[in-house]
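Have a look at the structure below before the remarks.
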Amino acid sequence: MVLKSCCVYSVGVVSVLMLILGISLVLTSVFPHLVQSMVKKQVVLKNGTDAFEAWKDPPAHIYMQFYFFNLTNPQEVLDGERPAVVEIGPYTYREYRPMEQIDFQDNGTKVTAVNSKTYIFQHNMSRGPESDLIRTVNIPAMTVMERFKDNSLEANLISAYMRGTGEGLFTTRTVGELLWGYEDGLLKALKVLRPDLDDVFGLFYKNNASNDGEYVFFTGQQNSRDFSRVDTWKGESSLNWWTSDECNMINGTIGTSFHPVITKNDMLYIFSSDLCRSLYTVYEEDVTVKGITGYRFVPPSSVFANLTVNPDNAGFCVPAGNCLGSGLLNVSVCKEGAPIIMSSPHFYQADEKFAQDIFGMTPNKEEHQTAIDINPSATIDDAAAKKLKGIGVQQNVVENIPFMLIGLAIIVGGIFMLLVCQQKVPESTTAERQPLLSS
């Protein structure tokens, strides 16, 4: 009886243990899905959710860092020699980018907003003041020479003005002028004949305390993978600059937020109005930034490859059939005709010949790769890092709430103009013949 009782008791214990183990196994397999389901319901652009507040006003400090290439041998370039440049920077700006004019539509499935951006100079994070001088290409002159090359009246005025004033193909301006704008004498003279011309030029002229147009975003209410995805920009669901429907597509988010539960197998799409196109990124590696873990996503080389490597990029050849090498994008069609070509910093991932043609180009992955770190941003200060680490006690923030920010400094900081003028131009001035080096 005792033995039998013990046997019965043992069987009962085993049964209970197996039952507990079964429940444990079920919970182990179900819990992640429950968590993901809860997260998907919370990560919606809706008043009262943390995701909406983070989307409306990003919690981390955002910094835009600009680097310039200072031309050191202007006369030699005019004589046909290879340009020599020195990289100068960074010049750092705190960027505020709240969503404004927010209006929910279609029963909360979409939301309209403008993404206003304001830049405040951060002297303690910069190489020098905004008054630092940079010698670079005279973009206004190059732009109007290209635009009016077939109009004799304007072309003669341009030639006469440049000869009379001694203005040449290169100009020396302050960092602040190059970024935010300065009144250009040549543009002012042409404005008499062409009242539609703006006589102020700057790489980010009118981009401070302004926005790039109205967006309509999906809120993620119907499908969590649509969270913050762009539906339309400036009232259009596609672009009209490029020569193929695929290249004109507006895909993905604007890069400040992404859908919840991101995995390493995801392909993240981003629409950048600065680049005038959409692009995609893929997982590269795990990273840790200021103690916060994250996934690093990067655009593969195929994104900026020429059509011989990636035929899908044929639509970026403008005019049709006029294709540049890998790593370059002609954005003149979306920059009011200015002859501007964009690339990654130092022509990283571009055809080697471009870096070889300019002395001072030293492309390397560590410094010049475009990267997005999902939790956290690529540029984050210590205070924000501490705050995010507090949020991180909820296990796997990377997968659950991926609303951190793209390192736009890396993308926009890579703008470099490769300009060649075949027209006859005035002789260089005495000032242009002098080297301009900043220690």
Side-chain angles (χ1 to χ4, degrees), residues 66 68-86 88-89 91 128-208 331-332 335-341 358-360 415-438:
F66 297 93
F68 295 86
F69 291 108
N70 186 65
L71 181 67
T72 63
N73 63 337
Q75 182 56 48
E76 288 78 4
V77 173
L78 293 176
D79 292 338
E81 296 185 18
R82 185 171 64 147
V85 298
V86 175
I88 298 179
Y91 295 91
E130 289 182 295
S131 58
D132 279 357
L133 293 174
I134 306 294
R135 179 189 284 129
T136 186
V137 173
N138 188 342
I139 300 178
M142 297 292 288
T143 300
V144 296
M145 289 169 68
E146 174 65 22
R147 178 173 175 180
F148 300 118
K149 63 184 179 182
D150 297 323
N151 298 81
S152 58
L153 180 60
E154 289 84 352
N156 289 333
L157 175 60
I158 293 169
S159 179
Y161 179 89
M162 295 182 71
R163 291 184 183 280
T165 61
E167 185 170 341
L169 293 184
F170 307 111
T171 185
T172 300
R173 296 287 177 177
T174 68
V175 168
E177 288 175 329
L178 288 173
L179 287 176
W180 311 117
Y182 60 91
E183 185 179 78
D184 183 81
L186 176 57
L187 294 178
K188 189 174 183 179
L190 280 171
K191 193 174 178 69
V192 176
L193 296 177
R194 298 279 185 158
D196 59 313
L197 278 180
D198 196 329
D199 57 6
V200 177
F201 169 79
L203 293 171
F204 278 74
Y205 173 52
K206 293 184 178 179
N207 282 12
N208 201 351
V331 294
S332 59
K335 301 296 181 182
E336 299 183 357
I340 296 177
I341 295 172
I358 301 176
F359 182 81
I415 298 178
F416 183 83
M417 282 65 69
L418 181 65
L419 303 173
V420 179
C421 179
Q422 300 297 332
Q423 301 182 29
K424 185 176 181 180
V425 297
E427 294 295 330
S428 61
T429 64
T430 301
E432 283 184 330
R433 297 190 186 99
Q434 301 301 315
L436 182 62
L437 286 172
S438 298

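This chain uses plain numbering: 1 for the first residue, then up along the sequence. These figures come from a predicted structure and were not determined experimentally. Heavy-atom basis, side chains included; hydrogens, waters and symmetry copies ignored.
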Shortest non-hydrogen separation from [X] to [Y] and the atoms involved:
| X | Y | result |
| --- | --- | --- |
| Glu130 | Thr174 | O-CB, 3.5 Å |
| Asp184 | Leu187 | OD2-N, 3.0 Å |
| Thr143 | Pro339 | OG1-CD, 3.3 Å |
| Ala141 | Met162 | CB-CE, 4.1 Å |
| Val77 | Phe170 | CG1-CZ, 3.7 Å |
| Leu203 | Ile139 | CD2-CD1, 4.0 Å |

4.5 Å side-chain heavy-atom contact, [X] and [Y]:
| X | Y | answer |
| --- | --- | --- |
| Leu71 | Asn73 | yes |
| Tyr205 | Trp180 | no |
| Leu179 | Phe68 | yes |
| Ile158 | Arg147 | no |

Can you name the residues that form a salt bridge (charged side-chain N to carboxylate O under 4.0 Å, His left out) with [X], not counting sequence neighbours?
| X | value |
| --- | --- |
| Glu183 | Lys188 |
| Arg194 | Glu154 |
| Asp199 | none |

Assess whether side-chain contact (heavy atoms from CB on, under 4.5 Å) is satisfied between Lys206 and Asp198, documenting all intermediate values.
CA-CA 11 Å; Lys206 293 184 178 179; Asp198 196 329; 3.3 Å; yes
To the nearest 0.5 Å, tell me how far [X] [atom1] sits from [Y] [atom2].
| X | Y | atom1 | atom2 | result |
| --- | --- | --- | --- | --- |
| Thr171 | Ile134 | OG1 | CD1 | 11.5 Å |
| Leu197 | Leu190 | CG | CG | 6.0 Å |
| Tyr91 | Leu178 | OH | CG | 10.0 Å |

Have Asn138 and Glu167 got a donor and an acceptor in their side chains that come within less than 3.5 Å?
yes
Go through Thr136 and Arg173 one step at a time and tell me if the side-chain contact (heavy atoms from CB on, under 4.5 Å) criterion holds.
CA-CA 8 Å; Thr136 186; Arg173 296 287 177 177; over 6 Å; no
Run the side-chain contact (heavy atoms from CB on, under 4.5 Å) test on Met145 and Leu186 for me, step by step, so that the C-alpha distance in whole Å, both residues' side-chain angles and the decisive distance to 0.1 Å come before the verdict.
CA-CA 11 Å; Met145 289 169 68; Leu186 176 57; 5.8 Å; no
